Amino acid sequence: MKVYEENNQVIVEDIKDFHPQHIFECGQCFRWDRQEDGSYTGVAFKKVVNVRMEHGALVIKNTNIDDFYSIWKDYFDLDRDYSMIKERLSRHDKILKEAVQFGWGIRILKQDVWECLVSFIISSNNLIPRIKKIINNFSEKYGQPIVFGDKVYYSFPEPNDLYDLSVEDLSFCRMGYRDQYIMDAVQKVKHKVIDLENLKHLPTSEAKKELMKIKGIGPKVADCILLFSLQKYDIFPTDVWVRRVMQHFYLGSNADIKDVQKYSDLHYGDLRGFAQQYLFYYAREQRIGK
DNA sequence: CCACAGGACGGCT
DNA sequence: AGCCGTCCTGTG
C-alpha cells in the first residue's frame, strides 16, 4: 500500500477489492451519496470526503496524510485481505460464489458506534431512502456544519449535543415513533447505563445483550451495530432481504429467522458477517425473492 | 381512498 | 417461551 498526498487529496495505490458503489450501497451506511461522475461523497467522523477509484488507486479528496492514517485507513478496512475472504466464501457453493463476484468490491466499514446505533434504530421497520432523509434532517439540526465544495454538510450529532432534548425536539425529523427510542439511547449513554467504548472488548453475545437494553434495539438492529461498528464478524444480520435470499437458494419458503441463523452459524463460521454482506447486496440488487 | 414496505414492542396466552 | 396487533411515514 503506497500512500501519498497532493492538492488536499490522498492517493492510495494498489488497492484491490474496493468498489465505492458496492461499499456504499450494500446497506451498511446512510451518509454517502453518489455524484454525477460515479464518485461518492460522504460524512464520517466529522469530516467530509469524496472517494473514487482510478487506475487501481483509491483517491480520497479533501483530506490529508494525518487523517488518512488516523481515520480512513481503518474506516475503509484497508488492512484486511478481502481476496482471501472472497476465495474462502466462493469455495462454499455456486450461489455464494456468484454473490461474491457480483459484489466483488464490498468492504465492511468500521463506523462510529454511536452513529451506527442511532442510524440502525432509525432503520428498523423503515426503507433506505427514508432512513437517509431522516438522518440528514437529524444531522442538519443537531450536528456541526462542514463546507465542502459549494455545499454544506453536517457532522453526525454526538450524545452531548442531545442530552437536553425531549422527544418533541425530534419530531421534525419525521422518524415517527422511533424518536422515543433515540431519547432512550441518549439517556442510557448519558447515565452510563451502557458504555459504548467498552462494547468492542466484550464477547459478541455480551455486547449484543448490552445493546438490547436500549429500546428500539432488537436482534436485527443489534447485529447490524455489532457488525458495522464493533468489528464482530461472527454474526449474520437477518432482515427480510437476507431471509428471502436464504429461503430462495437454500432453505425453502418455510424457513424462519431461526433457521437462517442456524444455517449461517453452521456454514459460514467466522465469516458470517462478510457472507451476509455479499448475499444481501446480491439479493437486493437482483430483487431475489420478490 | 387503500395496499404495501420495513423490525421491535408489549400484552396476551 | 411464542404469537400477533400495533407503531409511523412515504410511495404506488
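Reminder, nothing fancy here: chain letters follow the sequence lines and each chain counts from 1. All values derive from a computational prediction rather than experimental measurement.
For the pair A/Lys220 NZ and B/dG6 P, the computed distance is 11 Å after rounding to whole Å. Summarising the geometry, the separation between CD1 on A/Ile131 and P on C/dG10 is reported as 13 Å, rounded to the nearest angstrom. In this structure, CD1 of A/Ile225 is placed 14 Å from P of B/dG7, rounded to the nearest angstrom. Put simply, CG on A/Asp259 is 12 Å from P on C/dG2, counting in whole angstrom units. A straight line from CD1 of A/Ile182 to C1' of B/dA8 spans 13 Å, rounded to a whole angstrom. Atom CD1 in A/Ile134 sits about 18 Å away from atom P in C/dC7, given to the nearest Å. Going from atom CZ of A/Phe120 over to atom P of B/dA8 covers 12 Å, rounded to whole Å. If you measure from atom NZ of A/Lys132 to atom C1' of C/dG10, you get 16 Å, rounded to the nearest angstrom.
Counting heavy atoms from C-beta outward, A/Ile85 and A/Asp17 have side chains that stay 4.5 Å or more apart.
Where A/Asn125 and A/Arg174 meet DNA chain C, the nucleotide closest to each residue was compared, and A/Asn125 sits on the side nearer the 5' end. Nearer the 5' end of DNA chain B, as judged by each residue's closest nucleotide, is the contact made by A/Leu127, out of A/Tyr181 and A/Leu127.
For the pair A/Lys110 and A/Arg80, the tightest heavy-atom approach, listed with the atom from each and the gap, is CE-NH2, 4.2 Å.
If you check every strand for non-hydrogen atoms under 4.0 Å, A/Pro219 touches sugar and phosphate atoms only. Within the 4.0 angstrom heavy-atom criterion, only backbone atoms of the sugar-phosphate kind lie near A/Ile217; the bases stay farther away. Counting non-hydrogen atoms under 4.0 angstrom, A/Arg244 reaches the backbone sugars and phosphates but no base.
Between A/His19 and the options A/Trp104, A/Phe76, A/Tyr281, a ring pair (Phe, Tyr, Trp, His ring centres under 6.0 Å) holds for only A/Trp104.
With B/dG6, C/dC8, B/dA8 as the choices, the nucleotide that has an atom nearest any side-chain atom of A/Tyr177 turns out to be C/dC8. Checking B/dA8, B/dG6, C/dG2 against the side-chain heavy atoms of A/Lys258 singles out C/dG2 as nearest.
With hydrogens and angles disregarded, no donor-acceptor distance shorter than 3.5 Å links the side chain of A/Glu98 to the backbone of A/Tyr282.
For a distance-only test at 3.5 Å, the side chain of A/Arg130 qualifies as a donor-acceptor partner of the base of C/dC8.
Note: A/Phe274 and A/Tyr82 meet the aromatic proximity criterion, with ring centroids under 6.0 Å apart.
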